[in-house]
A.B. asks: 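Here it is: the structure, laid out below.
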Amino acid sequence: MAVNYDQEKQDLTRRNFLSLAANGIIGAGLLGAAAVFGKFFWPNVSYGPPSKFSIGKPTNFGDGAKLNIADQKVSIIRHGDKIGAISMVCQHLGCTVAASPTGYDCPCHGSKYDDKGNVTHGPALVSLFWFDVHPTPSGDLEVDKSKKFSDPDHYYSIT
Ligand code: FES
């Protein structure tokens, strides 16, 4: 019986091709899985708004003013000649509180804060943060969210 070496050589080539293709598919799959696995360890950083922002001149806020800056999640309040910036992030689980006639209410689980951010009703246990407010050389006021205080009544005095 005669052996057709050309046919065997051709089968071997086809086998090699199929083997290479299978290895390529498996390799691509492994690379994709490795990429997804590696991304798991990479920090998912959110570059949010800057920590410092201007709120304009002190005269923009009349006595008793309460201005909520939604994109910064900060409430600017003025009591007499003092201006403060209160965080609107609930201290329970981080929902954004809404202004209410008595202060701030959290829509998520019902925490309530007075107009200075003190807890008046749980489940939150801690008061809202206050942020630093200071003047800039131009005379505008600037809020610095990188400097926060857990004690209420952290005002900037206009006079
Ligand atoms: S997040 Fe505000 S009460 Fe739970």
Side-chain angles (χ1 to χ4, degrees), residues 3-56 60 66-77 83-138 140-156:
V3 175
N4 186 348
Y5 290 107
D6 287 341
Q7 181 67 35
E8 189 173 302
K9 198 172 183 181
Q10 195 175 25
D11 287 344
L12 194 58
T13 301
R14 185 179 302 135
R15 190 173 297 135
N16 282 345
F17 172 77
L18 291 174
S19 175
L20 280 173
N23 286 339
I25 290 170
I26 291 170
L30 288 175
L31 276 177
V36 170
F37 187 71
K39 189 171 176 358
F40 175 76
F41 292 104
W42 204 260
N44 194 9
V45 177
S46 169
Y47 297 99
S51 66
K52 292 181 182 177
F53 60 96
S54 174
I55 56 173
N60 291 349
K66 184 176 179 180
L67 173 70
N68 300 320
I69 304 173
D71 61 333
Q72 293 287 351
K73 297 184 179 181
V74 169
S75 180
I76 308 298
I77 58 171
I83 293 182
I86 299 177
S87 169
M88 296 184 73
V89 176
C90 181
Q91 291 289 62
H92 179 225
L93 292 178
C95 288
T96 302
V97 298
S100 73
T102 57
Y104 305 92
D105 293 349
C106 183
C108 293
H109 310 105
S111 289
K112 294 183 184 301
Y113 303 88
D114 67 13
D115 63 344
K116 293 182 179 178
N118 297 308
V119 178
T120 58
H121 185 273
L125 300 173
V126 180
S127 301
L128 297 174
F129 282 119
W130 285 59
F131 296 120
D132 176 60
V133 179
H134 59 267
T136 62
S138 69
D140 287 353
L141 292 178
E142 186 176 71
V143 175
D144 185 352
K145 290 171 68 177
S146 68
K147 296 176 183 168
K148 59 185 180 182
F149 310 94
S150 55
D151 55 319
D153 292 338
H154 203 91
Y155 290 102
Y156 169 74

A.B. asks: Using the test ring pair (Phe, Tyr, Trp, His ring centres under 6.0 Å), find all partners of H109 that sit at least two apart in sequence or belong to another chain.
C.D. replies: H92

A.B. asks: Using side chain to side chain donor-acceptor pair (under 3.5 Å) as the criterion, list what pairs up with Y113, not counting sequence neighbours.
C.D. replies: none

A.B. asks: In Å and rounded to the nearest 0.5 Å, what is the CG to NZ distance from L128 to K73?
C.D. replies: 13.0 Å

A.B. asks: Could you work out, with ring pair (Phe, Tyr, Trp, His ring centres under 6.0 Å) as the rule, every residue matching F40, not counting sequence neighbours?
C.D. replies: none

A.B. asks: Using side-chain contact (heavy atoms from CB on, under 4.5 Å) as the criterion, list what pairs up with S54, not counting sequence neighbours.
C.D. replies: D140

A.B. asks: So, taking the atom named CG in L141 and the one named NE2 in H134, what distance separates them when rounded to the nearest 0.5 Å?
C.D. replies: 9.0 Å

A.B. asks: Mind listing the closest non-hydrogen atom pair of Y104 and S75 along with its distance?
C.D. replies: OH-OG, 2.7 Å

A.B. asks: Not counting sequence neighbours, list each pair that qualifies as a salt bridge (charged side-chain N to carboxylate O under 4.0 Å, His left out) and has a residue in residues 84-99.
C.D. replies: none

A.B. asks: Can you list the residues that meet the side chain to side chain donor-acceptor pair (under 3.5 Å) rule with Q91, with sequence neighbours excluded?
C.D. replies: none

A.B. asks: Got a sec, which residues hit ring pair (Phe, Tyr, Trp, His ring centres under 6.0 Å) with F149, two or more places apart in sequence or on another chain?
C.D. replies: H154

A.B. asks: Using the side chain to side chain donor-acceptor pair (under 3.5 Å) criterion, which residues pair with T120? Sequence neighbours excluded.
C.D. replies: none

A.B. asks: Find out whether L125 and V119 are in side-chain contact, i.e. whether some heavy atom of one side chain is under 4.5 Å from a heavy atom of the other.
C.D. replies: no

A.B. asks: Name all residues meeting the side-chain contact (heavy atoms from CB on, under 4.5 Å) criterion together with P107; count only those two or more places apart in sequence or in a different chain, and write none if there are none.
C.D. replies: none

A.B. asks: Run the side chain to side chain donor-acceptor pair (under 3.5 Å) test against S111 and tell me which residues pass, sequence neighbours left out.
C.D. replies: none

A.B. asks: For residues C90 and A124, report the shortest heavy-atom separation together with the two atoms involved.
C.D. replies: SG-CB, 4.4 Å

A.B. asks: Would you give the length of the straight line joining atom CD1 of I26 to atom CG of L31, rounded to the nearest 0.5 angstrom?
C.D. replies: 12.5 Å

A.B. asks: Between K66 (side chain) and G103 (backbone), is there a donor-acceptor pair under 3.5 Å?
C.D. replies: yes

A.B. asks: Answer yes or no for C108 and C95: SG-SG distance under 2.5 Å.
C.D. replies: yes

A.B. asks: Compare every heavy atom of Q72 with every heavy atom of K145, then report the nearest pair and how far apart it is.
C.D. replies: NZ-O, 2.7 Å

A.B. asks: Might you point out which heavy atoms bring I86 and G117 nearest each other, and give the distance in Å?
C.D. replies: CD1-N, 4.3 Å

A.B. asks: Backbone N or O of A70 within a donor-acceptor pair of the N68 side chain at under 3.5 Å?
C.D. replies: no

A.B. asks: May I ask you to test the D71-I69 pair for a side-chain heavy-atom distance under 4.5 Å?
C.D. replies: yes

A.B. asks: Roughly how far, to the nearest 0.5 Å, is CG of N23 from CG of L18?
C.D. replies: 11.0 Å

A.B. asks: Return the set of residues passing side-chain contact (heavy atoms from CB on, under 4.5 Å) with K148 (not counting sequence neighbours), or none when no residue passes.
C.D. replies: F129, F131

A.B. asks: I need the N60 CG to I55 CD1 distance, nearest 0.5 Å.
C.D. replies: 8.5 Å

A.B. asks: Do any pairs count as a salt bridge (charged side-chain N to carboxylate O under 4.0 Å, His left out) and have a residue in residues 112-126, sequence neighbours left out, and if so which ones?
C.D. replies: D105-K112, K116-D153

